Structure formats: C-alpha cells, structure tokens
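Below is one structure; the comments refer to it alone.
Predicted model, so just to flag it, every value in this text is computed and none were measured. Note that ligands are numbered from 1 as they come in the structure, with each ligand's atoms numbered from 1 the same way.
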Amino acid sequence: MTTGPVSYDIVVIGGGASGLMFSASLDMRGRRGAVLEKTGRTGTKLLMSGGGRCNITHGGMIRDFVSAYGESGPALRKCLYRHSNQELAGWLEDHGITLADEKGALVDSSFIEDAGRVFPASMKASDVLNVLLDQAALNRWEIRRESDVYDLVPPSPDCTSWKVLTSHGVILADNVVIASGGITFPETGSDGSMLEIVRRLGAEVTEPRSALAPVYVEDYPYGELSGISLPDVTAVVYRQNRGRSGKSKPVRMTGDLLFTHRGFSGPVILNVSGYTEPGGLLRIQYRREFSELPRRMQKILEKRSAGPSGDVRTKALAAMLENDDFTVISADGNGMATAGGISLGGIDTSTMQIRNLPGLYAVGEVIDACGITGGYNLQMCWSTARTASDALSG
Ligand SMILES: Cc1cc2nc3c(=O)[nH]c(=O)nc-3n(C[C@H](O)[C@H](O)[C@H](O)COP(=O)(O)OP(=O)(O)OC[C@H]3O[C@@H](n4cnc5c(N)ncnc54)[C@H](O)[C@@H]3O)c2cc1C
C-alpha cells in the first residue's frame with residue numbers, strides 16, 4: 001500500500017526564536033501544524049543570545065522602537081505597535097518568567113519604560129526556550145527535528161497546497177511560515193538557504209550581510225589598545241552602493257567604541273556594521289580633546305600625524321581627532337544579526353504574508369529588518385511572529 005504525502009494546515013520552517021514564538025502563539029487544536037527544523041536542536045541562537053542570558057526586549061515606549069530598525073523601522077511600525085515590548089513582557093510573566101534589567105533589578109511587565117535591556121530574572125535563555133517549547137506543545141504543534149527544507153512548490157491546479165520538499169519527503173501545507181533566520185553562525189542551521197528558494201519563487205530579497213559585528217578596516221592602527229573602550233564616540237558609515245532611490249545617506253550613530261586586536265567593536269560599531277560595505281568609508285569622531293584620550297592612543301595618533309621628519313603636525317592631528325577615516329575591509333562574518341533578507345516592500349506587514357505568494361509568510365530574522373543591540377532583534381521576532389499568528393488564527 002502506498003501512502004501519499006503528509007498534510008498540515010500550517011508548516012513553519014525553522015525552530016528558532018521566531019518559529020517557536022509563532023507556534024507558542026497559535027493554538028492548533030482542531031488543525032494540524034508542524035515546525036520543521038533542519039538541525040537536531042531548537043532555539044540554538046536564542047540560547048546564545050545575550051551571552052546565554054537572553055536580552056529578550058528593551059524598556060521604553062514602543063513608538064521609540066521604530067528608529068532602532070533603521071530604514072526598515074517604518075514598515076515594522078504596525079507589527080511593533082500591535083505586539084509590543086509590553087505585550088511580550090506580560091506574556092512571559094503570565095508563563096512564569098520574571099523579568100529583570102541588566103543589573104538584576106526586577107522589572108514589572110506593566111511598567112517597563114525605564115528598564116533598558118530586559119532579561120529573564122534567572123538570566124537563563126534556556127528558561128525562555130523551555131516556555132516557548134512547552135506552549136508550542138500545549139498548542140498541539142509537532143516539532144520535527146532534522147527536517148531540512150530544500151524547496152517549496154506553490155499551489156497549482158493539480159495540487160492546491162504548498163509542497164514542502166524536505167529531507168524526509170514531501171509535505172503538503174495550506175500555509176507555510178518561513179522562520180529560517182539569517183546567515184551568520186551557519187553552524188546553528190541558519191545559513192540563508194531559504195532566501196535562494198523564495199527568490200526563485202519571485203520574492204524580492206535584499207542581499208544578506210552580517211550585522212551587529214566588529215568591523216575590520218585597512219591599516220588598522222589600534223591593535224595595541226585592545227580592550228580599551230571610549231564612551232560617546234560617533235561612527236559614520238558612507239555607502240558607495242546606492243539604494244533603489246539612487247541616494248545613499250550616511251549612517252551616523254553615537255555610543256561606546258571598543259578597540260580590539262583586529263578592528264573596531266563596541267555598541268556603536270556593532271550598530272553601524274550592517275551598513276558597512278567593503279571599500280566604503282568608516283569615519284570615527286572621538287568627540288573629545290586630545291588630552292582626554294588614553295596616553296597610549298595619544299602616542300599612536302601623534303605617530304600617525306607625524307611628518308617625514310617625525311615632527312607632529314598639529315593640524316593633521318586635530319583633523320584626525322575630528323574625523324579618523326578608514327577604508328572598510330568587512331564586518332566580521334559572524335555578527336549577532338543579519339541585515340538584508342526578504343524585502344519588507346514585498347511583505348504585507350499587517351499579516352506578514354509575502355505579496356503575490358498567497359499562503360506564504362515570513363517572520364523573524366529572515367526578513368530585511370535588523371535592530372540595534374539591546375533586545376530589539378528578539379522583539380522584532382516576537383512582533384512579526386505574533387502578527388502572522390493573528391493572520392492564521394483560523
Ligand atoms: C551571539 C548572539 C547573541 C545575540 N544576542 C541577542 C540578544 O541578547 N537580544 C536580541 O534581541 N537578539 C540577540 N541576538 C539575535 C537573535 O538571537 C536572533 O535575531 C534571533 O534568534 C533570530 O531568530 P529566528 O528564529 O528568526 O532565526 P534563528 O534563531 O536563526 O532560527 C532559524 C532556524 O531555522 C532553521 N532553518 C534554517 N533553514 C532551514 C531549512 N531550510 N529547513 C529547516 N530549518 C531551517 C535553522 O536551523 C534555525 O534553527 C543574538 C544573536 C547571536 C548570534
């Protein structure tokens with residue numbers, strides 16, 4: 001006897017934070033749903049987040065979140081407002097997760113305005129993962145590990161369902177939610193393989209690149225300052241490749257700069273890293289007097305601004321202090337997030353459905369939305385996953 005392909009109402013591709021937030025939000029009693037995860041594990045990046053402590057969201061009014069996602073922010077506004085940081089905090093509390101700020105002070109979900117970075121009070125990402133897995137199980141989701149999706153075939157007159165081609169055979173699904181993450185740390189399973197598939201289906205994909213990463217530059221002079229951090233530094237990224245509008249505004253952010261052996265790091269660099277491109281210009285503005293810099297750095301700057309006879313050229317030194325310019329080699333390939341992905345212009349953000357591909361949805365890091373550090377990326381996973389779960393609530 002031959003059996004046909006197994007059928008589901010909804011299939012989720014990816015058992016990371018966003019795929020699990022989606023399934024933890026959607027009760028499938030009376031329907032059939034499966035999460036297909038290519039590796040043998042779930043939530044691998046979630047477990048790495050915040051150094052294992054999981055900076056799950058950020059305090060503040062949700063309207064202030066929009067700018068944290070750069071050019072993608074306005075398109076995300078609807079999702080963020082509908083499913084906010086306050087809602088996420090309340091949901092976690094209802095599921096037994098007490099929250100705390102970075103210093104461990106307890107945070108009340110109904111008033112998280114001034115909390116800054118928000119964590120589970122246990123400081124254990126595994127507690128968050130366990131709640132998501134428990135709730136997904138209560139919602140009757142099957143989690144199928146080691147199920148690698150290698151292609152998708154849209155519905156046709158012959159077959160009115162999506163065909164999901166997996167390492168274990170064909171699965172039919174009325175709706176498919178892509179939650180396959182970005183491209184960094186590919187050993188976690190997030191290798192960008194689904195982006196090629198959706199591109200072939202006609203969805204617009206912005207080239208993915210590593211973000212929230214240290215940046216390497218040509219002739220980096222500060223290796224010996226490794227470990228030294230300077231607060232309140234501005235980093236400006238000038239982009240060569242122009243956007244579709246033909247214009248490319250420099251991206252400017254201010255925050256802590258960290259020198260490493262190989263390149264620049266620290267929050268200000270992580271936050272601009274997704275905008276850098278090889279050959280582009282990274283400008284560092286130290287925003288302080290020469291005398292306020294660490295002595296070792298003063299010596300390096302003096303050496304770099306010295307003339308052929310070794311004398312310090314004060315004008316060159318002042319100019320360097322104001323605008324220390326470097327040519328970008330690249331951002332480190334293993335950033336904490338991915339910039340680029342399925343373009344938001346091609347997604348209806350009131351449902352997260354990919355336009356022109358009915359029944360196909362995208363949530364989390366696979367979409368072209370990347371937040372700054374501070375819990376904004378997991379919040380984006382939550383807001384987009386919940387928006388899709390509203391749309392598919394049946
Ligand atoms: C070191 C580190 C620290 C971080 N810290 C924070 C933090 O503190 N706060 C914060 O907000 N964000 C943080 N982030 C970012 C955050 O963890 C991610 O944005 C988030 O986990 C993305 O979730 P996701 O479900 O969209 O993707 P992922 O977590 O990447 O999950 C995608 C899943 O899809 C699976 N998959 C991929 N392709 C297929 C396929 N073809 N078939 C089947 N399955 C597939 C993958 O195996 C993977 O399990 C951090 C990231 C890193 C790497």
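Atoms of ligand 1 lying under 4.0 Å from at least one heavy atom of Gly50, given by number and element, are 3 (C), 4 (C), 5 (N), 6 (C), 7 (C), 8 (O). Heavy-atom contacts of Thr39 reach the following atoms of ligand 1: 47 (O) (cutoff under 4.0 Å). Listed by number with element, the atoms of ligand 1 under 4.0 angstrom from any heavy atom of Ala179 are 32 (C), 33 (C), 34 (O). The atoms of ligand 1 that sit less than 4.0 Å from any heavy atom of Leu36 are 43 (C), 44 (N). Listed by number with element, the atoms of ligand 1 under 4.0 angstrom from any heavy atom of Ile13 are 40 (C), 42 (N), 43 (C). Shown in contact with Ser180 at under 4.0 Å from a heavy atom are these atoms of ligand 1, numbered in order with element: 32 (C), 34 (O), 37 (C), 38 (N). Atoms of ligand 1 lying under 4.0 Å from any heavy atom of Ser147, numbered from 1 in the order shown and given with element: 42 (N), 43 (C). Interface of Met194 with ligand 1, defined as ligand atoms under 4.0 Å from a residue heavy atom, comprises 41 (N).
At a heavy-atom cutoff of 4.0 Å, ligand 1 is contacted by the side chain of Ser193 but not by its backbone. By the criterion of a heavy-atom distance under 4.0 Å, neither the backbone nor the side chain of Ala337 is placed next to ligand 1. At a heavy-atom distance under 4.0 Å, no atom of Tyr150 approaches ligand 1. The backbone of Thr188, and not its side chain, has at least one atom closer than 4.0 Å to an atom of ligand 1 (non-hydrogen atoms only; backbone = N, CA, C, O).
The existence of a salt bridge linking Asp27 and Arg29 is confirmed by a sub-4.0 Å separation between a basic side-chain nitrogen and an acidic carboxylate oxygen. Salt bridge status for Asp191 with Lys38: present, with a side-chain N to carboxylate O gap under 4.0 Å. At a threshold of 4.0 Å, the pair Glu207-Arg199 counts as salt-bridged, since one of the basic side-chain nitrogens sits closer than that to a carboxylate oxygen. Comment: Arg283 engages Asp325 in a salt bridge, judged by a side-chain N to carboxylate O separation of less than 4.0 angstrom. In summary, Arg288 and Asp232 do not engage in a salt bridge, as defined by a charged side-chain N under 4.0 Å from a carboxylate O.
In terms of N/O distances under 3.5 Å, ligand 1 is approached by Ser18. At least one N or O atom of Glu365, backbone or side chain, sits closer than 3.5 Å to an N or O atom of ligand 1. Residue Glu37 places at least one N or O, backbone or side chain, under 3.5 Å from an N or O of ligand 1. Considering backbone and side-chain atoms together, Val149 places an N or O closer than 3.5 Å to an N or O of ligand 1. Polar contact with ligand 1: absent for Gly364 (N/O pair, distance under 3.5 Å). The shortest N or O to N or O distance between Leu378 and ligand 1 is under 3.5 Å.
Summarising the local packing, CG of Asp64 is surrounded by more than 12 heavy atoms from other residues, nucleotides or ligands at distances under 6.0 Å. Sparse packing is recorded around CG of Asp219, with 12 or fewer heavy atoms of other residues, nucleotides or ligands lying under 6.0 Å away. Heavy atoms from other residues, nucleotides or ligands lying under 6.0 Å from CZ of Arg287 number more than 12.
The ring of Phe326 has its center closer than 6.0 angstrom to the ring center of Phe264. Residues Phe22 and Trp141 bring their aromatic ring centres within 6.0 Å.
The closest side-chain heavy-atom distance from Thr373 to Met336 is below 4.5 Å.
Looking only at atom types and distance, the side chain of Ser309 has a donor-acceptor partner in the side chain of Asp311 under 3.5 Å away.
The protein non-hydrogen atom at the shortest distance from atom 17 (O) of ligand 1 is Lys45 O, 3.8 Å. Ranking protein heavy atoms by distance to atom 44 (N) of ligand 1, first place goes to Lys38 N, 3.1 Å. Protein heavy atom at the shortest distance from atom 50 (C) of ligand 1 is Met336 O, 3.6 Å. Summary of contacts: the protein heavy atom closest to atom 4 (C) of ligand 1 is Ser49 CA, 3.4 Å. Among all protein heavy atoms, the one lying closest to atom 28 (P) of ligand 1 is Ser190 OG, 3.7 Å. Regarding atom 9 (N) of ligand 1, its nearest protein heavy-atom neighbour is Asn55 O, 2.9 Å. The nearest heavy-atom contact from the protein to atom 36 (N) of ligand 1 is Gly189 O, 3.9 Å. The single protein non-hydrogen atom nearest to atom 27 (O) of ligand 1 is Gly181 CA, 3.2 Å, given as residue, atom name and distance.
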**OP:** Begin from the C-alpha positions of Ser305 and Arg313 and carry the test side chain to side chain donor-acceptor pair (under 3.5 Å) through to its verdict.
**Re:** CA-CA 6 Å; Ser305 56; Arg313 292 181 295 191; over 6 Å; no
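In this structure, the separation between CD1 on Ile228 and CG on Leu258 is 9.5 Å, given to the nearest 0.5 Å. Distance check: Glu146 CD to Thr166 OG1 gives 12.0 Å after rounding to the nearest 0.5 Å. One distance of note links SG of Cys54 with NZ of Lys45; it measures 14.0 Å at 0.5 Å rounding.
Which of Gly43, Gly16, Gly14 comes nearest to atom 31 (O) of ligand 1 through a heavy atom is settled by distance: it is Gly16.
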